[in-house]
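Keep in mind it's a predicted model, so treat the numbers as computed, not measured. Counting begins at 1 with the first residue of the sequence.
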Amino acid sequence: MKDKKLEVSAIENGTVIDHIPANVLFKVISILNLDKIDKQITFGTNLISKKLGKKAIIKLSDTFFIDKEINKIALVAPQAKLNIIRDYSVVEKRIVEVPEEIIGIAKCMNPKCITNNERIVTRFQVISKSNVKLKCHYCEKITDQDHIEIV
């Protein structure tokens with residue numbers, strides 16, 4: 001039997017997000033609003049990974065991310081890597097990194113927190129980066145990675 005492989009075409013310009021844990025692929029797609037853009041998107045999930053066991057990958061043509069969007073990726077996929085593609089070549093590799101402080105991109109899980117009841121920008125101190133844990137600046141409630149809600 002002849003080996004058959006599915007080939008995905010290279011992108012001329014854009015971003016490849018690699019090393020996304022397979023179980024958060026659709027969360028990454030949702031927080032980046034990738035279901036609403038009109039650019040070419042290719043994604044794969046449950047791909048074999050020595051590092052993660054199973055991983056996902058997203059290839060986006062003509063799409064580049066700003067730091068705030070990269071911070072959103074870091075909150076749900078802290079091991080992800082971004083490859084910036086220009087003229088079919090990787091010109092930059094970025095490892096997503098969880099910053100020390102998260103401002104205005106995550107919601108406090110405490111329903112009584114002032115940020116959930118008044119118009120106040122959320123603010124968290126990152127107390128764990130590998131298994132993301134955020135401490136609310138206002139109510140000090142800890143939000144873990146499984147409960148992070150991106151706003």
Side-chain angles (χ1 to χ4, degrees), residues 5-111 113 115-116 120-138 141-151:
K5 288 186 176 182
L6 176 64
E7 291 188 26
V8 177
S9 63
I11 54 174
E12 184 175 353
N13 294 298
T15 304
V16 176
I17 309 171
D18 197 3
H19 298 284
I20 302 167
N23 63 334
V24 298
L25 169 68
F26 293 103
K27 198 169 191 175
V28 172
I29 289 172
S30 174
I31 63 174
L32 297 174
N33 293 317
L34 299 180
D35 56 330
K36 296 178 177 69
I37 67 171
D38 60 352
K39 308 294 183 187
Q40 179 183 345
I41 301 174
T42 306
F43 65 87
T45 188
N46 294 323
L47 306 169
I48 296 169
S49 167
K50 290 179 184 173
K51 189 175 177 182
L52 300 172
K54 290 185 177 181
K55 71 172 185 175
I57 188 170
I58 303 172
K59 296 173 80 171
L60 301 135
S61 291
D62 301 315
T63 303
F64 302 93
F65 297 103
I66 60 173
D67 287 346
K68 185 175 181 179
E69 293 167 318
I70 293 170
N71 287 344
K72 289 180 179 179
I73 298 169
L75 289 178
V76 296
Q79 305 89 356
K81 294 180 180 170
L82 272 66
N83 294 322
I84 310 302
I85 312 293
R86 301 235 187 247
D87 200 23
Y88 295 104
S89 296
V90 176
V91 295
E92 182 183 350
K93 290 186 174 207
R94 292 181 71 177
I95 296 173
V96 170
E97 191 173 334
V98 180
E100 298 293 326
E101 190 173 49
I102 303 293
I103 299 174
I105 61 173
K107 182 178 177 181
C108 181
M109 66 180 290
N110 177 3
C113 179
T115 60
N116 288 317
I120 295 175
V121 175
T122 60
R123 185 174 171 188
F124 297 91
Q125 175 188 0
V126 176
I127 57 173
S128 173
K129 290 187 176 188
S130 56
N131 187 11
V132 177
K133 288 184 181 174
L134 309 175
K135 182 178 179 182
C136 179
H137 173 77
Y138 300 100
K141 179 83 173 177
I142 306 295
T143 302
D144 65 19
Q145 192 165 357
D146 293 336
H147 296 94
I148 291 175
E149 188 176 330
I150 305 295
V151 292

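- The ring-ring contact (aromatic ring centres under 6.0 Å, His included) contacts involving residues 34-73 comprise Phe26-Phe43, where partners must be two or more places apart or lie in separate chains.
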Report task. Given salt bridge (charged side-chain N to carboxylate O under 4.0 Å, His left out), test Glu100 with Lys129 step by step and report yes or no. Result -> CA-CA 9 Å; Glu100 298 293 326; Lys129 290 187 176 188; 2.8 Å; yes
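- Note that the NZ atom of Lys135 and the NZ atom of Lys141 stand 13.0 Å from one another [nearest 0.5 Å].
- Contact check for Glu69 versus Leu32: side-chain heavy atoms found under the 4.5 Å cut-off.
- Residues Asn116 and Pro111 come closest through the heavy atom pair CB-O, 3.9 Å.
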Query - side-chain contact (heavy atoms from CB on, under 4.5 Å) evaluation trace for Glu101 with Arg123 - result: CA-CA 7 Å; Glu101 190 173 49; Arg123 185 174 171 188; 2.8 Å; yes
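- Each of Ile95, Val90, Val91 was compared with Lys93 under the side chain to side chain contact (heavy atoms under 4.5 Å, CB included) criterion, and only Val90 meets it.
- Residues Pro21 and Gln79 are in side-chain contact: their nearest non-hydrogen atoms beyond the backbone lie under 4.5 Å apart.
- The CD1 atom of Ile11 sits 7.0 Å away from the CG atom of Leu60 when rounded to the nearest 0.5 Å.
- Contact of the Ile105 side chain with the Lys68 side chain is registered, since non-hydrogen atoms from C-beta on lie closer than 4.5 Å.
- For the pair Thr15/Ile85, no side-chain contact is recorded, criterion being any heavy-atom separation below 4.5 Å from C-beta on.
- Looking at Ile142 and Leu134, their side chains never come closer than 4.5 Å, going by heavy atoms from C-beta outward.
- In this structure, Pro78 and Val132 approach most closely via the heavy-atom pair CG-CG2, 4.0 Å.
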Requested in this report: Evaluate the criterion salt bridge (charged side-chain N to carboxylate O under 4.0 Å, His left out) for residue pair Arg94 and Asp67; output intermediate values, then yes/no.
Outcome: CA-CA 11 Å; Arg94 292 181 71 177; Asp67 287 346; 3.5 Å; yes
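- A distance of 4.5 Å separates CG of Leu75 from CD1 of Ile102, quoted to the nearest 0.5 Å.
- When every heavy atom of Leu25 is checked against every heavy atom of Gly44, the shortest pair comes out as CD2-O, 4.3 Å.
- The 12-atom threshold is not exceeded at NZ of Lys133, counting heavy atoms of other residues, nucleotides or ligands nearer than 6.0 Å.
- Here the CD1 atom belonging to Ile148 is positioned 13.0 Å from the NZ atom belonging to Lys72, to the nearest 0.5 angstrom.
- At most 12 heavy atoms of other shown residues, nucleotides or ligands fall within 6.0 angstrom of atom CD in Glu97.
- Side-chain contact between Thr63 and Ile37 is present, with heavy atoms from C-beta onward closer than 4.5 Å.
- In this structure the side chain of Cys108 reaches within 4.5 angstrom of the side chain of Asn110, judged on heavy atoms.
- With values rounded to the nearest 0.5 angstrom, Lys107 atom NZ is found 12.5 Å from Cys136 atom SG.
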Query - Stepwise side-chain contact (heavy atoms from CB on, under 4.5 Å) test for Thr122 and Ile103 - result: CA-CA 6 Å; Thr122 60; Ile103 299 174; over 6 Å; no
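- Among all heavy-atom pairs drawn from Lys55 and Ile48, the shortest one is CE-O, 4.3 Å.
- Partner Ile17 forms a side chain to side chain contact (heavy atoms under 4.5 Å, CB included) with one of Ile73, Ile29, Val96, Asn83 and no other, that one being Ile73.
- Taking all atoms of both residues into account, the shortest heavy-atom contact from Gln145 to Val76 is NE2-O, 3.4 Å.
- Taking every heavy atom of both residues into account, Val121 and Thr115 meet most closely at O-CG2, 4.3 Å.
- The line from NZ of Lys59 to CD of Gln40 is 8.5 Å long, rounded to the nearest 0.5 Å.
- Formation of a donor-acceptor pair under 3.5 Å by the Asp144 side chain with backbone atoms of His147 is found in this model.
- Leu82 is not listed as a side-chain neighbour of Val16, based on a closest heavy-atom distance of 4.5 Å or more.
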